[in-house]
Amino acid sequence: MMRAVPAELSHEVRLFHESKDVRFVLGRQVSELEGDGRVRCVRLDDGTVLPCTAVVISVGVSPRTALAEAAGLEIDNGIAVDRFLRTSDPFIYAAGDACAFEQVSGPRMRLECWKNAEDQGTLAGRNMLGSDEAYVPLPWMWSDQFDRTMQIAGQAGGSAEDVRRRCPDGTLLIYHLDKDQMILGISGFGSIREVSRGVRMGQLLMERGIRPGRKALADPEFDLRPLAKAAVA
Ligand SMILES: Cc1cc2nc3c(=O)[nH]c(=O)nc-3n(C[C@H](O)[C@H](O)[C@H](O)COP(=O)(O)OP(=O)(O)OC[C@H]3O[C@@H](n4cnc5c(N)ncnc54)[C@H](O)[C@@H]3O)c2cc1C
């Protein structure tokens, strides 16, 4: 999960899975699936044999662009769109996993998560009707693990400082700050209630440009809601 999830959160998720008797085998490659019409075991590149009755393969996705290519649209690791989600044909828009959108700076990017697909779909619809709004992503993703959930909003990588808030029920929230203590992102793993509340609050603080400071963010007793409310009063 290291590509998408902060290392500390990955570690937390791993410990939780291990407490449920899930075994991790890292740094190994699968060399063979063996069976007799049905899979019976997985052989690893160090010779280890893992008996099994089912295999789940997770190898990532690539955008299906054949239709866009046939229509003569520009492709750039996905259907290339500008900041308004317009393809190289200004009468055709693209949104979601398959589209690679222009950012304010840096190369085009593709996001593969539900929230991005929903936000881009809505914006593309508005822009088709003449709205002319640029897409500014505030990425948000979730993943449920047993009875717990993980959520990440904003930018979790490249922070100058990470501030941890441990809630009384064990939920871990991590605020990712820039050098001026502005919140760039928030990630969390734990109970659905605390993670959802914490991440939503982090999103509000980000959207409103509020800097509560590391002491307030780290203290689970510190109520951040008045700060967020005051910013819109
Ligand atoms: C196993 C799995 C787990 C996931 N878990 C999460 C998660 O926990 N959290 C999260 O945020 N996101 C998750 N995602 C990602 C999320 O599902 C996607 O980001 C989201 O569905 C993207 O929506 P979309 O509309 O862009 O594309 P899709 O949902 O892929 O829809 C595209 C549709 O277009 C159709 N299509 C493609 N080509 C053509 C064609 N030529 N003609 C007609 N129809 C066509 C496809 O059949 C499909 O129905 C997960 C994805 C997978 C695969």
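Indexing begins at 1, ligand by ligand and atom by atom, following the structure's order. If you read the sequence from its start, that first residue is 1, and numbering goes on from there.
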May I ask you to check if Lys215 and Phe222 form a cation-pi contact, with NZ or CZ under 6.0 angstrom from the six-membered ring centre and within 45° of the axis?
->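 No - Lys215 does not lie over the ring of Phe222 by the 6.0 Å and 45° rule.
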
Pairing residues for Leu67 by the side-chain contact (heavy atoms from CB on, under 4.5 Å) criterion, not counting sequence neighbours =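 side-chain contact (heavy atoms from CB on, under 4.5 Å) list for Leu67, sorted by chain: empty.
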
Residues in side-chain contact (heavy atoms from CB on, under 4.5 Å) with Ile92, at least two apart?
->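 side-chain contact (heavy atoms from CB on, under 4.5 Å) check on Ile92 returns Leu73, Thr87, Asp89.
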
Close aromatic pair by centroid cut-off 6.0 Å: Phe189 and Phe16 = yes

Could you note down all residue pairs passing side chain to side chain donor-acceptor pair (under 3.5 Å) where residues 126-135 supplies at least one of them, sequence neighbours left out?
->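 Pairs touching residues 126-135 that pass the test: Asn116-Tyr135, Arg126-Glu133, Ser131-Glu133.
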
Pairwise distance CZ(Arg211) to CD(Gln181) - rounded to 0.5 angstrom = 8.5 Å

Exactly which residues line ligand 1, taking a heavy atom under 4.0 Å from it as the test?
-> Arg64, Leu67, Gly96, Asp97, Glu112, Cys113, Trp114, Ala117, Trp142

